[in-house]
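What you see below is based on every heavy atom in this structure, not just the backbone, and it leaves out hydrogens, waters and symmetry mates.
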Amino acid sequence: MATDQARSESEGTDTYDAFESRVERIANVSNAAGVLQWDQEVVMPDEGTPARAKQLSTLSSVSHELLTADETGDLLDELESSELDEEQTAVVREVRRRYDRETSVPQELVAEISETTANAHPVWKRARENDDFEEFAPTLEKLVELQREYANHIDPDEDPYAVLFADYEPYIDLETAERVLERLRDELVPLIDAVQDSDADLETDAFAGTFDDDDQEALARDALDALGYDWDRGRLDTAPHPFSTGTQFDARVTTRFDPDDLLGSITSTIHEFGHANYTLGLPDEGYGTPLGEARDLSVHESQSRLWENHVGRSRAFWEYFLPIARERFPELESVSPEAAYEAANQVYDDNLIRTEADELTYHLHIVIRFEIERDLIAGDLDVSEVPDAWNDKYEEYLGVRPDTDAEGCLQDIHWSHGSFGYFPTYSLGSVLAAQLYAAAEDDQGEFGEQIREGEFGGLNGWLRENIHRHGKRYTTPDLIERATGDELGADPFLGYVKSKYGDLYDLDEY
């Protein structure tokens, strides 16, 4: 009996080892594609797209073939009837979910989507530069058709937009996302109205001026140094649309510099640091498996929004960081920390650009995109109608109307990537950031004094312990409840912004 049990355990171990080896091969192909995508957006020559599109399509096909092969399915079936430990069970759960989805999609469609999105990026970039939506419209129409087809293969009986949303947030259902977005819209609109009606006189021009790009880059590096970015496993570059990508061994940050917007480069850099910091906090030993991968986009965005807003826009941060900024830009000598704090938290009454939006109006930018792409996928909105629908919603929700497509529906890169269902995770991430920050302060005490002294280890240590080190061991709801003791909810975020902006703008009702 004991011999039989030992033999069974040995066979189970051998099966799991074979499975893990296969999973790591799939991850390595995907990570290689990620480096090529980084290269395309940062340093690739303009004429490199045709070859790059085929390279990425090939890697996508190889990854798809490895994942959907009969051998993968056989290994999953065998392991699901075996006794596994908690970590192994999590890996099998995550791979099973991907396997079931991707075996539903023909390989030819996967390759077509990959090649189409690779070719779409320069078309979008050129259309934005030329302020010409019609130049991008045929590509967008093709991407919408492909995404509908993709969703239909996965679950023909489900709302296709819900299927696409699940690619980015598999464990929070679309109804939950809709409830959060509706709650934010309903409660932020009157708060924003009250702010705009306020007589408070914030020092919004603290960072007015013209600032050299090279000096801005030096200050961005100062910010990353201060926050504890690991340069041995990362780098800083520029991109038209800032992003972070990589693994726990190589997590890269990009930002952008505008000579008239020093503050924007700082907040953008801190935002992308939050993403890279999460990636670098994933366990080295989990590399190549879901245990070494981030827990989807809402959690990823919570990390960037936490560092950008709860740290980088705090009074304490500007008391610490302003002297560093003055060393690079002596013209800031007369700016006080309070003025810097007010400038970093002003609420704009005419903002059209999501990535430049303040903490409050930002979420209405998300609502607009969510509503438009949901209607596109449902077939309730034609691609040709996108510019007018976009402009009408901006006028309705934000009281401003774009004059150009470049500052309107062409401003975001996501649709050129075929990323429909992505945008809600931005607001879910902001909501979760507030919930995590509140839980961290409940455990550790307020971080204000530490931030004022340039000490970020306490906060980062809490995030490492409660979020980063777990990878995908837990589902999103389980991870949130373990970290905060509660399910995802908008109350901490709404309480935070009402208190913060009520104080800034002297709002008695808040």
Taking only residues two or more places apart in sequence, or in another chain, which ones meet Glu187 in a side-chain hydrogen bond (donor to acceptor under 3.5 Å, both in side chains)? Arg183, Lys498

What about the rings of Phe329 and Phe211, do their centers lie closer together than 6.0 Å? yes

Would you call Lys472 and Leu291 a side-chain contact if the rule is heavy atoms closer than 4.5 Å? no

So which pairs with a foot in residues 452-466 pass side-chain hydrogen bond (donor to acceptor under 3.5 Å, both in side chains), sequence neighbours left out? Asn277-Asn460, Asn277-Arg464, Glu319-Arg452, Asp443-Trp462, Glu449-Arg452, Arg464-His468, Glu465-Arg469

Please check if the side chain of Thr267 supplies one atom and the backbone of Leu263 the other of a donor-acceptor pair under 3.5 Å. yes

Donor-acceptor under 3.5 Å (Gln435 side chain, Pro492 main chain): no

Expected output: side-chain Arg235 to main-chain Ala251 donor-acceptor under 3.5 Å: no

Could you tell me whether the side chain of Arg401 reaches within less than 4.5 Å of the side chain of Asp392, counting heavy atoms only? yes

So Pro170 and Asp296, do their side chains get closer than 4.5 Å, heavy atoms only? yes

Going by side-chain contact (heavy atoms from CB on, under 4.5 Å), name the residues that satisfy it together with Arg256, two or more places apart in sequence or in a different chain. Pro242, Thr355, Glu356

Once salt bridge (Lys or Arg N to Asp or Glu O under 4.0 Å) is applied, do any residues pair with Arg221, and if so which ones, sequence neighbours excluded? Glu217

Does any N or O in the side chain of Asn345 come within less than 3.5 Å of the main-chain N or O of Arg313, such that one atom is a donor and the other an acceptor? yes

Can you check whether Val42 reaches Thr238 side chain to side chain, under 4.5 Å on heavy atoms? no

Whether the Thr255 and Ser265 side chains hold a donor-acceptor pair (N or O, under 3.5 Å, no angle test) is what I'd like checked. no

Side chain of Trp124, backbone of Leu410: donor and acceptor closer than 3.5 Å? yes

Heavy-atom distance under 4.5 Å between the side chains of Leu398 and His365, does that happen here? yes

Any carboxylate oxygen within less than 4.0 angstrom of a Lys/Arg side-chain nitrogen, looking at Arg295 and Glu94? yes

Between Glu272 and Ser268, is there a donor-acceptor pair closer than 3.5 Å when you use the side chain of the first and the backbone of the second? no

Just list the side-chain donor-acceptor pairs under 3.5 Å for residues 334-341, sequence neighbours left out, or say none.
from   : atom 1 : to     : atom 2 : distance (Å)
Ser336 : OG     : Ala339 : N      : 3.0
Glu338 : OE1    : Arg315 : NE     : 3.0
Glu338 : OE2    : Arg315 : NH2    : 3.3

Establish, from distance only, whether the side-chain atoms of Thr117 and His417 form a donor-acceptor pair under 3.5 Å. no

Looking only at atom types and distance, does a side-chain atom of Glu441 sit under 3.5 Å from a main-chain N or O of Ala438, one as donor and one as acceptor? no

By side-chain hydrogen bond (donor to acceptor under 3.5 Å, both in side chains) - contacts of Gln411 (at least two apart): Arg369

With side chain to side chain donor-acceptor pair (under 3.5 Å) as the test, would you mind laying out the steps for Gln346 and Asp358 before giving the verdict? CA-CA 7 Å; Gln346 62 182 295; Asp358 56 80; over 6 Å; no

Going by side-chain hydrogen bond (donor to acceptor under 3.5 Å, both in side chains), name the residues that satisfy it together with Arg179, two or more places apart in sequence or in a different chain. Thr176

Would you say that Ile451 contacts Val311 through its side chain, given a criterion of any heavy-atom pair below 4.5 Å between the two side chains? yes

Whether the side chain of Asp405 engages the backbone of Phe133 through a donor-acceptor N/O pair (distance < 3.5 Å, no angle test) should be reported. yes

Partners of Ser384 by side-chain contact (heavy atoms from CB on, under 4.5 Å), sequence neighbours excluded? Asp382

Take Tyr496 and Glu359 through the side chain to side chain donor-acceptor pair (under 3.5 Å) test and state the conclusion after the steps. CA-CA 11 Å; Tyr496 154 72; Glu359 234 178 329; 2.6 Å; yes

Under a 4.5 Å cut-off applied to non-hydrogen side-chain atoms, are Val144 and Glu373 in contact? no

4.5 Å side-chain heavy-atom contact, Phe317 and Trp307: no

Are Glu169 and Thr476 linked by a side-chain donor-acceptor pair shorter than 3.5 Å? yes

Does the ring of Tyr474 carry Arg482 above it, NZ/CZ under 6.0 angstrom from centre and within 45° of its axis? yes

For Ile270 and Phe321, what are the C-alpha separation, side-chain angles and deciding distance, and is it a side chain to side chain contact (heavy atoms under 4.5 Å, CB included)? CA-CA 12 Å; Ile270 295 173; Phe321 192 69; over 6 Å; no

Passing option when Leu364 is tested against Leu181, Leu184, Ile192, Asn351 for side-chain contact (heavy atoms from CB on, under 4.5 Å): Ile192

Sequence neighbours left out, what pairs pass ring-ring contact (aromatic ring centres under 6.0 Å, His included) with at least one residue falling in residues 371-391? Trp390-Tyr394

Arg252 with Asp237: basic N within carboxylate O range, under 4.0 Å: no

Which atom pairs, one a donor and one an acceptor, fall under 3.5 Å between side chains of residues 421-428 and the rest of the protein, sequence neighbours left out?
from   : atom 1 : to     : atom 2 : distance (Å)
Thr425 : OG1    : Tyr422 : O      : 2.6
Tyr426 : OH     : His414 : NE2    : 2.6
Ser427 : OG     : His363 : ND1    : 2.8

Over 12 non-hydrogen atoms of neighbours within 6.0 angstrom of CD in Glu134: no

Would Arg305 and Glu308 count as a salt bridge (charged side-chain N to carboxylate O under 4.0 Å, His left out) if you check the C-alpha gap in whole Å, the side-chain angles of each, and the deciding distance to 0.1 Å? CA-CA 5 Å; Arg305 299 295 280 178; Glu308 176 190 355; 3.3 Å; yes

Side chain to side chain donor-acceptor pair (under 3.5 Å), that's the test. Do Asp199 and Tyr505 meet it? Break it down for me. CA-CA 8 Å; Asp199 293 328; Tyr505 283 89; over 6 Å; no

Heavy-atom count check: over 12 atoms from other residues, nucleotides or ligands less than 6.0 Å from Glu385 CD? yes

Could you pull out all residues at least two apart from Glu371 that satisfy salt bridge (Lys or Arg N to Asp or Glu O under 4.0 Å)? Arg185, Lys393

side-chain contact (heavy atoms from CB on, under 4.5 Å) with Asp388: which residues, sequence neighbours excluded? none

Flag the pair Asp159 and Arg374 as a salt bridge only when some basic side-chain nitrogen lies within less than 4.0 angstrom of an acidic carboxylate oxygen. no

Within the side chain of Thr484, is there an N or O that forms a donor-acceptor pair under 3.5 Å with the backbone of Ile480? yes

Kindly say whether Thr210 contributes a backbone atom to a donor-acceptor pair with the side chain of Asp260 at under 3.5 angstrom? no

Between Phe165 and Phe370, is the ring pair (Phe, Tyr, Trp, His ring centres under 6.0 Å) condition met? List the steps. CA-CA 10 Å; Phe165 173 68; Phe370 166 67; 8.1 Å; no

Assess, by modelled atom type and distance only, whether the side chains of Ser104 and His153 contain a donor and an acceptor separated by less than 3.5 Å. no

Check: Tyr362 ring centroid to Tyr348 ring centroid under 6.0 Å: no

Looking only at the side chains, is there a donor atom on one of Asp478 and Tyr171 sitting less than 3.5 Å from an acceptor on the other? no

